[in-house]
> 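Before we start, here is the structure in question, set down as C-alpha cells.
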Amino acid sequence: MPLFTLTTISQQKHFAGLQIRVEHESQVLNCTMRFSVFLPPQASADNPVPALYWLTGLTGTDENFSTKSGAQRIAAELGIALVIPDTSPRGAHVPNDDAYDLGQGAGFYLNATEAPWDKNFLMFDYITCELPSLVEQNFPLNNRRAISGHSMGGHGALMIAARLPERFVSVSAFAPIANPIHCPWGQKAFAAYLGNDQERWQQYDSVELLKARGLMLPLLVDTGTADEFLTKQLNTEALIAVAAGLPDARVRYQEGYDHSYYFVSTFMEEHLRFHARYLLA
C-alpha cells in the first residue's frame, strides 16, 4: 500500500519516541479504521525495529492501551515498536448491536460468516494481513513480530498465534477469554458471527486450537485471582490444563488483581521483557 493511504490524527513525542494515531480506509473491513503506533527512539529508516501487536478487549479502542498501559517507557528502552489496532470495524454503515458484547467494539478477532456481520467483521484477516502490510510499509519496522492482548484481545492473541505461529516469535496474554465456546461472551458472539456450526467455533477457540495443534512459540499468560470474570467467562483452568503439554508455556495466577488496566500495567514490563528476548534475538 502506498504511504498516502494513512492520515495522521495525532502525534506526540513520548519517552524520546513517537506516539502516533492514524486512520485509513480498510479494504478488508470496508470502513475507515484507526490504529496507534509507538515508535521507540531507536527506530529509523536505517534501523527498522521489531513490533509487539497489542489486541484490546471488549468495548475498547486503540487508545485504551496507549493511554493506560504504561508500555511506552519500557518499549522505548528496549527498542520495540507497539502496534495497537481497534477492536472492530466502525462507522454508521457498519452493523452494530445495543449490547456491549456484540458488534462495534466486540469484533472477537474472527472472520464473520453470517449476515449482516460478514461484510465488515473480518478482523482475523485485518489483524494478520492488512494491518501488518500497512504498518511495515509505512513505518520503520522489520518483520519480527510478537503478539499480546487483554481479555477479548487475549483471546485474539492466543488464537492468532495458535493458527499462524510462523508470523510471530512469542505470544502473551492478560486475562484472556481462553475457551470462548464454553462461556457466555464467546457463545453469544460466535453464534452471531459464525452461525451454529460448532466446527467453525473451534477454529477461533484458543484451548481447542492448542489441544489440536500445540504451540511451539514461547507463551506467557497472567490472570488475576480477583478478576470478576474469572469463573464465568475466562476458563483459565482449561488453558492451564492444555498449557501443561506445551514446551514453553507459563500460565499464572496473580493474587488479588482484577480485570482492569491497573492489573495490565502492573505486569506490562515483565511481558515486554519476555517478548524482547525473542524479538531482539
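These values consider heavy atoms only, across backbone and side chains, with no hydrogens, waters or symmetry-generated copies.
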> Tell me if the OH atom of Y100 is crowded by more than 12 foreign heavy atoms within 6.0 Å.
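Atom OH in Y100 is packed in, count exceeds 12.
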
> To the closest 0.5 Å, what do you measure between CD1 (I20) and CG (L82)?
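Reported value, rounded in 0.5 Å steps: 11.5 Å.
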
> If you take all heavy atoms of L215 and P247, which pair is closest and at what distance?
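Nearest heavy atoms, L215 then P247: O-CD, 3.4 Å.
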
> Regarding Q254 and T225, do their side chains bring together a donor and an acceptor under 3.5 Å, going by distance alone?
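Looking only at side-chain atoms, T225 and Q254 do not form any donor-acceptor pair under 3.5 Å.
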
> What are the two closest heavy atoms between I74 and E269, and how far apart are they?
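For I74 versus E269, the nearest heavy atoms are CD1-CD, 3.6 Å.
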
> Is I80 close to V49 at the side-chain level, that is, under 4.5 Å between some pair of heavy atoms?
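A side-chain contact is absent here, since even the closest heavy-atom pair is not under 4.5 Å.
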
> Decide yes or no for F274 and R250: does some side-chain heavy atom of the first lie under 4.5 Å from some side-chain heavy atom of the second?
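Heavy-atom side-chain distance check passes, below 4.5 Å.
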
> Are any of the side-chain nitrogens in E77 or R273 under 4.0 Å away from the carboxylate oxygens of its partner?
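Looking at R273 together with E77, the answer is yes, because their closest N to O distance falls below 4.0 Å.
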
> Do you see a donor-acceptor pair shorter than 3.5 Å between the side chains of D258 and S260?
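Judged by distance alone, the side chains do pair up.
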
> Could you see if M268 belongs to whatever hydrophobic cluster contains L158? Use Ile, Leu, Val, Met, Phe, Trp, Tyr and a side-chain cutoff under 4.5 Å.
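Hydrophobic grouping puts M268 apart from L158.
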
> Side-chain contact test, heavy atoms from C-beta onward, threshold under 4.5 Å: evaluate it for L29 versus M123 and give yes or no.
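They are in contact (side-chain heavy atoms under 4.5 Å apart), so the answer is yes.
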
> Compare every heavy atom of A71 with every heavy atom of L272, then report the nearest pair and how far apart it is.
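Closest pair (atom of L272, atom of A71, distance): CD1-O, 3.5 Å.
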
> For the pair T128 (side chain) and F124 (backbone), establish whether a donor and an acceptor sit closer than 3.5 Å, ignoring hydrogens and angles.
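Yes; at least one donor-acceptor contact below 3.5 Å.
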
> To the nearest 0.5 Å, how far apart are CG in L209 and CD in Q203?
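Rounded to the nearest 0.5 Å, the CG-CD separation comes out at 8.0 Å.
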
> CE of M33 to CG of D62: how many Å apart, nearest 0.5 Å?
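The CG atom of D62 is 8.5 Å from CE of M33, to the nearest 0.5 Å.
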
> Measure from the ring center of Y193 to the ring center of F121 and say whether it is less than 6.0 Å.
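Centroid separation for Y193 and F121: below 6.0 Å.
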
> Give the cluster check for M216 versus M159: same hydrophobic cluster or not, with ILVMFWY residues linked at side-chain heavy-atom distances below 4.5 Å.
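Different clusters: M216 never reaches M159 through Ile, Leu, Val, Met, Phe, Trp or Tyr contacts under 4.5 Å.
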
> So with a 6.0 Å cut-off around NZ of K119, is the heavy-atom count from everything else above 12?
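12 or below, so no.
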
> For the residue pair V251 and T236, establish whether any side-chain heavy-atom pair is separated by less than 4.5 Å.
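Answer yes - side chains close enough.
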
> Enter the distance from N138:CG to T8:OG1 here, rounded to the nearest 0.5 Å.
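One gets 9.5 Å once the value is rounded to the nearest 0.5 Å.
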
> Assess whether a salt bridge exists between R21 and E63, defined as any Lys/Arg side-chain N lying under 4.0 Å from an Asp/Glu carboxylate O.
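So R21 pairs with E63 through a salt bridge.
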
> Which pairs pass ring pair (Phe, Tyr, Trp, His ring centres under 6.0 Å) with one or both residues in residues 228-247, sequence neighbours excluded?
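Sorted pair list: W185-F229, F229-H259.
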
> Do you know which two heavy atoms are closest between G79 and L280, and how far apart they sit?
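Taking every non-hydrogen atom into account, O-CD2, 4.4 Å.
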
> Does R145 pair with E166 as a salt bridge, N-O distance under 4.0 Å?
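E166 and R145: not salt-bridged.
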
> Is a side-chain N or O of S265 found less than 3.5 angstrom from the main chain of S69, in a donor-acceptor match?
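Absent.
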
> Should L78 and V83 be regarded as members of a common hydrophobic cluster, given that ILVMFWY residues are connected when their side-chain heavy atoms come within less than 4.5 Å of each other, either directly or indirectly?
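No: no chain of side-chain contacts under 4.5 Å links L78 to V83.
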
> Which salt bridge (Lys or Arg N to Asp or Glu O under 4.0 Å) pairs, counting each pair once, include a residue from residues 216-230, with sequence neighbours left out?
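Output for this query lists D222-R252.
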
> With a 6.0 Å cut-off on ring centres, are H150 and F65 close enough?
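No; F65 has its ring centre 6.0 Å or more from that of H150.
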
> Do S44 and P140 come within less than 4.5 Å of each other through their side chains, counting heavy atoms only?
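No, too far: nothing below the 4.5 Å cut-off.
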
> Considering all heavy atoms of both residues, which atom of L239 and which atom of A178 are nearest to each other, and what is their separation?
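Shortest heavy-atom contact: CB-CB, 3.8 Å.
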
> For the atom pair CD (Q202) and CG (D205), what is the distance rounded to the nearest 0.5 Å?
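Reported to 0.5 Å precision, the distance equals 7.5 Å.
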
> If we count only N and O atoms by modelled type, under 3.5 Å, do the side chains of D125 and N111 hold a donor and an acceptor together?
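Yes, a side-chain donor-acceptor pair sits under 3.5 Å.
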
> Taking C-beta and beyond as the side chain, do I177 and N235 meet within less than 4.5 Å on heavy atoms?
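Not in contact.
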
> Between T32 and E25, does the side-chain hydrogen bond (donor to acceptor under 3.5 Å, both in side chains) criterion hold? Intermediate values first, please.
CA-CA 5 Å; T32 301; E25 295 303 315; 2.5 Å; yes

> Could you tell me whether the side chain of F35 reaches within less than 4.5 Å of the side chain of E23, counting heavy atoms only?
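A side-chain contact under 4.5 Å is absent here.
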
> Is it the case that one hydrophobic cluster holds both V28 and I84, taking links as side-chain heavy atoms less than 4.5 Å apart, direct or via other members?
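Not linked; separate clusters.
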
> Please name the pair of heavy atoms, one in A112 and one in D118, separated by the smallest distance, quoted to 0.1 Å.
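Nearest pair, atom of A112 first, then D118: O-CB, 3.5 Å.
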
> Could you check whether Q19 and Q11, counting side-chain N and O atoms only, form a donor-acceptor pair closer than 3.5 Å?
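No, no side-chain donor-acceptor pair sits under 3.5 Å.
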
> Between atom CG of L6 and atom CG of L134, what is the distance when rounded to the nearest 0.5 Å?
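Result: 4.5 Å between the selected atoms.
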
> Same cluster or not: L246 versus V207, using hydrophobic residues (I, L, V, M, F, W, Y) connected whenever any side-chain heavy atoms lie under 4.5 Å apart?
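Yes, one cluster joins them.
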
> What residues form a salt bridge (Lys or Arg N to Asp or Glu O under 4.0 Å) with E114, not counting sequence neighbours?
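If we apply the salt bridge (Lys or Arg N to Asp or Glu O under 4.0 Å) test to E114, skipping adjacent residues, the hits are R200.
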
> Checking the side chain of W117 only, and the main-chain atoms of L194 only, is there a donor and an acceptor separated by less than 3.5 Å?
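Side chain of W117 to backbone of L194, a donor-acceptor pair under 3.5 Å: no, none is there.
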
> Under a 3.5 Å distance rule, please check whether H155 uses its side chain to pair with a backbone N or O of G57 as donor and acceptor.
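No; judged by distance alone, with no hydrogens or angles, the pair does not exist.
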
> Check whether S148 reaches the backbone of S172 with its side chain - one donor and one acceptor, N or O, closer than 3.5 Å.
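Side chain of S148 to backbone of S172, a donor-acceptor pair under 3.5 Å: yes, one is there.
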
> Can you name the residues that form a ring-ring contact (aromatic ring centres under 6.0 Å, His included) with Y126, not counting sequence neighbours?
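In terms of ring-ring contact (aromatic ring centres under 6.0 Å, His included), with neighbours along the sequence ignored, Y126 is linked to H24.
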
> So do the side chains of P180 and H182 get within less than 4.5 Å of each other, counting heavy atoms only?
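No; the side chains remain at least 4.5 Å from each other.
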
> Quick check: are there more than 12 heavy atoms from other residues, nucleotides or ligands sitting under 6.0 Å from CG of N196?
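Incorrect, the count does not exceed 12.
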
> For F174, give me all partners under ring-ring contact (aromatic ring centres under 6.0 Å, His included), at least two apart in sequence or on another chain.
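With sequence neighbours excluded, F174 shows a ring-ring contact (aromatic ring centres under 6.0 Å, His included) to W54, F263, H271, given in chain and number order.
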
> By the ring pair (Phe, Tyr, Trp, His ring centres under 6.0 Å) test, which pairs, at least two apart or in different chains, include something from residues 230-257?
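Every pair satisfying ring pair (Phe, Tyr, Trp, His ring centres under 6.0 Å) with a residue in residues 230-257: Y257-F267.
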
